[in-house]
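FYI, side chains are in, hydrogens and waters are out, and symmetry mates aren't considered; it's all heavy atoms of this structure. These numbers come from a predicted model, not from an experiment. Chain naming here is simple, since letters A, B, ... match the order of the sequence lines and numbering starts at 1 in each.
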Amino acid sequence: MPELPEVETVRRGLSALVIDKKVIGVDVIYPKIIVGDPSEFKEQVSGRTISAIDRRGKYLLFRFSADLTMVSHLRMEGKYSVKDAAVPLDKHTHVVFNFDDGTQLRYNDVRKFGRMQLVETGMEKMLPSLQKLGPEPTPETFDAQAFYQALHRRKKAVKTALLDQTLVVGLGNIYVDEVLWQTKIHPETKCANITEQQALVLHDNIILELERAIAAHGTTVFTFTDANSHSGSFQNQLNVYGKKGEPCPRCQTPIQKIVVGQRGTHFCPHCQQVI
DNA sequence: ATCTGTGTTCGTTA
DNA sequence: ATAACGAACACAGA
């Protein structure tokens, strides 16, 4: 569930808690979270200080001293927290970074889907998963015309295309349903059938929606919380996600739920028609 | 008790 | 190249 707004919320909260802290040791409780050799991971990170936390798409980039970067993806339920070492570990804590001040950065993930990988700072761009990423959804980096042209060349359903992170990064299953509702586009519309006019509005709505969600500290559906265990509040601003059977806020037609590309998909059958 | 739904990315297949 | 689909996992709820 962490989509871009949730990852950004985590990044901001966590930055305040761990920047300038020095790691003196790492406990890897569930090794599969680490991409590569876990012992090498521990060895590499130990002794280094966290200088910054950046973000690219839904990936967190922990910057360690001396040009080491940890690329971290939370997938569905990954969470970070900072606790005193005396506080007992949670059942689903898989990696623990011990700081020299007696606190710990803990990685918790019920589903165990999240991954962490070390690379030399700057080289993260070369990882296949980051290399394929489209632009960040900001006015400076996300070009409306280029978006329309790229959409035009695709044949699959617009929802599926928006989820694959190549046209633009950051949308997941919740926000994609929301922006398509706002733009009055049916989620199964083939990309190539989207008009230039629609593409431009969709572009603007993607930027605005993600900005609004960040301002609300993300959406807490199911289990998302930030590094301080705080929930986001954007779920109060959702129009269609999780609203099956409830009236569309625009036209009162009951919201429908279907499956598109194996994903639960919410839309208004009156406002959003296939073209 | 077994089955389904939950979401992101990756690897395999067409 | 592009698209489609199962796998990786755990758990709540029917």
Side-chain angles (χ1 to χ4, degrees), chain A residues 1-11 28-36 55-61 71-80 89-95 107-117 119 124-134 137 149-180 187-194 210 213 218-225 232 234-235 238 240-245 255-266:
Chain A
M1 270 126 295
E3 303 178 34
L4 187 146
E6 291 74 39
V7 178
E8 178 61 18
T9 300
V10 169
R11 188 193 72 76
V28 178
I29 299 154
Y30 184 78
K32 283 186 73 174
I33 298 290
I34 309 294
V35 178
R55 180 188 58 72
R56 174 75 174 102
K58 302 174 191 174
Y59 292 84
L60 287 168
L61 305 171
V71 180
S72 168
H73 198 294
L74 307 172
R75 293 290 185 98
M76 289 188 66
E77 300 204 35
K79 288 175 195 57
Y80 282 102
L89 291 186
D90 187 271
K91 177 182 171 188
H92 300 292
T93 300
H94 306 309
V95 183
Y107 179 73
N108 189 288
D109 189 346
V110 172
R111 300 285 292 276
K112 300 178 176 173
F113 281 180
R115 293 292 180 264
M116 304 173 186
Q117 180 171 12
V119 292
E124 66 275 1
K125 297 179 181 63
M126 309 306 290
L127 297 175
S129 48
L130 273 78
Q131 199 157 29
K132 65 151 206 192
L133 296 181
Q149 296 300 334
L151 258 185
H152 210 70
R153 282 186 262 107
R154 306 286 218 101
K155 292 194 172 73
K156 54 183 176 181
V158 61
K159 166 156 179 173
T160 310
L162 289 174
L163 286 175
D164 80 14
Q165 311 297 303
T166 57
L167 295 170
V168 61
V169 298
L171 294 171
N173 206 37
I174 298 173
Y175 297 114
V176 74
D177 283 1
E178 295 296 316
V179 297
L180 290 173
E188 287 177 303
T189 306
K190 299 294 179 206
C191 291
N193 291 342
I194 290 182
L210 294 175
T219 298
T220 297
V221 210
F222 309 107
T223 62
F224 170 75
T225 58
F234 199 73
Q235 61 277 11
L238 298 177
V240 288
Y241 185 86
K243 307 278 186 190
K244 177 184 171 185
I255 298 300
Q256 274 187 21
K257 185 175 179 188
I258 58 173
V259 175
V260 179
Q262 318 171 86
R263 318 296 298 280
T265 298
H266 311 74

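- Listed pair A/Ser129 / B/dC10 meets the phosphate criterion, a side-chain N or O lying under 4.0 Å from OP1 or OP2.
- In this structure, A/Arg115 reaches neither bases nor backbone, as no heavy-atom distance under 4.0 Å exists between it and the strands shown.
- Between the NZ atom in A/Lys159 and the CG atom in A/Leu171 there is a gap of 10.5 Å [rounded to 0.5 Å].
- In this structure, CD of A/Glu77 is placed 12 Å from C1' of B/dG5, rounded to the nearest angstrom.
- To the nearest 0.5 Å, atom CG of residue A/Leu151 and atom NZ of residue A/Lys156 are 11.5 Å apart.
- Straight-line distance from the CG atom of A/Leu162 to the C1' atom of B/dT8: 15 Å, rounded to whole Å.
- Closest contact between the side chain of A/His92 and the listed nucleotides C/dC11, C/dA3, B/dT9 involves C/dC11.
- Ring geometry, A/His73 versus A/Tyr59: the interplanar angle exceeds 60°, so the pair is classed perpendicular (tilted spans 30 to 60°).
- Look at CD1 on A/Ile33: it is 15 Å from P on C/dA8, rounded to the nearest Å.
- Among B/dT9, C/dA3, B/dT6, the nucleotide with an atom closest to any side-chain atom of A/Tyr59 is B/dT9.
- Residue whose closest nucleotide on DNA chain B sits further toward the 5' end, between A/Pro128 and A/His266: A/His266.
- In this structure, A/Arg153 places its CZ atom 13 Å from P of C/dA1, rounding to the nearest Å.
- An OP1 or OP2 oxygen of B/dT9 is reached within less than 4.0 angstrom by a side-chain nitrogen or oxygen of A/His73.
- For A/Lys257, counting side-chain heavy atoms from C-beta on, the closest listed nucleotide (B/dT8, B/dC10, B/dG5) is B/dG5.
- Atom P of nucleotide B/dT6 and atom CD of A/Gln262 are separated by 13 Å, given to the nearest angstrom.
- Distance check, rounded to the nearest 0.5 Å: NE2 of A/His266 to NZ of A/Lys243 gives 10.0 Å.
- Closest to the side chain of A/Arg111, out of B/dT6, C/dC11, C/dA4, is B/dT6.
- We find that NZ of A/Lys112 is positioned 18 Å from C1' of B/dT8, with the value rounded to whole Å.
- Rounded to an integer number of Å, the gap from CG of A/Asp164 to P of B/dG11 is 15 Å.
- Contact annotation: A/Lys58 side-chain N/O to B/dT9 OP1/OP2 distance is under 4.0 Å.
- For the pair A/Arg263 and B/dG5, the criterion of a side-chain N or O lying under 4.0 Å from OP1 or OP2 is not met.
- At whole-Å resolution of the value, CD in A/Gln131 and P in B/dT9 are 16 Å apart.
- To the nearest 0.5 Å, atoms NZ (A/Lys257) and OG1 (A/Thr265) are separated by 8.5 Å.
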